[in-house]
Amino acid sequence: MENKILYLNDLYDYYGNLLTSKQQEYFEDYYLNNLTLSEIAENNNISRNAIHKQIKDAESKLEMFEENLKLLEKRKQIEKLIKDLDKNLKEQIEELI
């Protein structure tokens, strides 16, 4: 489960701006601020099920974006390629990715 959370957070770093503002808010509350679904629902005056659905929709969108664009996968491939490069060059490349 922890690996999935890390994966979703990585995807959010890349694609979070493509989600609706509400999906961003709920995703951040749930995954980054560690609020429960009930807490988020109470804070927003909507049902727990509505929050759950929005978060699941956000997760699906993030995974769909990665499936199509593969930005996270490409970053990991680049990181493997540059791991043995000169430190200065490696740092320059990492700033770009």
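The figures here come from the full heavy-atom set of this structure, side chains too, leaving out hydrogens, waters and symmetry mates. We count residues from 1, following the sequence as given.
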By salt bridge (charged side-chain N to carboxylate O under 4.0 Å, His left out), which residues pair with Glu79, not counting sequence neighbours? Arg75

How would you list all residue pairs meeting salt bridge (Lys or Arg N to Asp or Glu O under 4.0 Å) that involve residues 23-42, not counting sequence neighbours? Lys22-Glu25

Please table the atom pairs, donor to acceptor, closer than 3.5 Å between any side-chain atom in residues 85-97 and protein atoms at least two apart or in another chain.
unit_1, atom_1, unit_2, atom_2, d
Asp86, OD2, Asn88, N, 3.3
Asp86, OD2, Leu89, N, 3.3

Side chain to side chain donor-acceptor pair (under 3.5 Å) involving Ser47 - partner list, sequence neighbours excluded: none

In the single-linkage hydrophobic clustering (I, L, V, M, F, W, Y; side-chain heavy atoms under 4.5 Å), do Leu8 and Leu6 co-cluster? no

With sequence neighbours excluded, give me every ring-ring contact (aromatic ring centres under 6.0 Å, His included) pair touching residues 62-85. Tyr15-Phe65

Nearest atoms (heavy-atom pairs only) where Arg48 meets Ser38: CD-OG, 3.6 Å

To the nearest 0.5 Å, tell me how far Leu11 CG sits from Glu66 CD. 5.5 Å

For the atom pair CD1 (Ile51) and CG (Asn43), what is the distance rounded to the nearest 0.5 Å? 9.0 Å

For Lys70, enumerate each residue passing the side chain to side chain donor-acceptor pair (under 3.5 Å) test, keeping only those at least two apart in sequence or located in another chain. none

Would you tell me whether Gln54 and Tyr30 have side-chain atoms, one donor and one acceptor, within less than 3.5 Å of each other? no

For the pair Gln23 (side chain) and Ile55 (backbone), establish whether a donor and an acceptor sit closer than 3.5 Å, ignoring hydrogens and angles. no

Starting at CG of Leu62, measure out to CG of Leu72 and round the result to the nearest 0.5 Å. 11.0 Å

For Asp10, enumerate each residue passing the side chain to side chain donor-acceptor pair (under 3.5 Å) test, keeping only those at least two apart in sequence or located in another chain. none

Does any pair with a residue in residues 76-97 pass ring-ring contact (aromatic ring centres under 6.0 Å, His included), and if so which ones, sequence neighbours excluded? none

With sequence neighbours left out, write down each residue that passes salt bridge (charged side-chain N to carboxylate O under 4.0 Å, His left out) with Lys74, or none if nothing qualifies. none

With sequence neighbours left out, the residues meeting side chain to side chain donor-acceptor pair (under 3.5 Å) with Lys83 are none

Rounded to the nearest 0.5 Å, how far does CG of Leu19 lie from CD of Glu59? 10.5 Å

To the nearest 0.5 Å, what is the distance between CD on Gln24 and CG on Leu32? 11.0 Å

What residue pairs, at least two apart or across chains, pass ring-ring contact (aromatic ring centres under 6.0 Å, His included) with a residue in residues 66-85? none

Do Phe27 and Asn9 have side-chain heavy atoms sitting under 4.5 Å apart? yes

Residues in ring pair (Phe, Tyr, Trp, His ring centres under 6.0 Å) contact with Tyr26, at least two apart in sequence or another chain: none

Please test Lys61 against Leu18 for side chain to side chain contact (heavy atoms under 4.5 Å, CB included), starting from the C-alpha separation and ending with a verdict. CA-CA 9 Å; Lys61 283 183 180 180; Leu18 300 174; over 6 Å; no

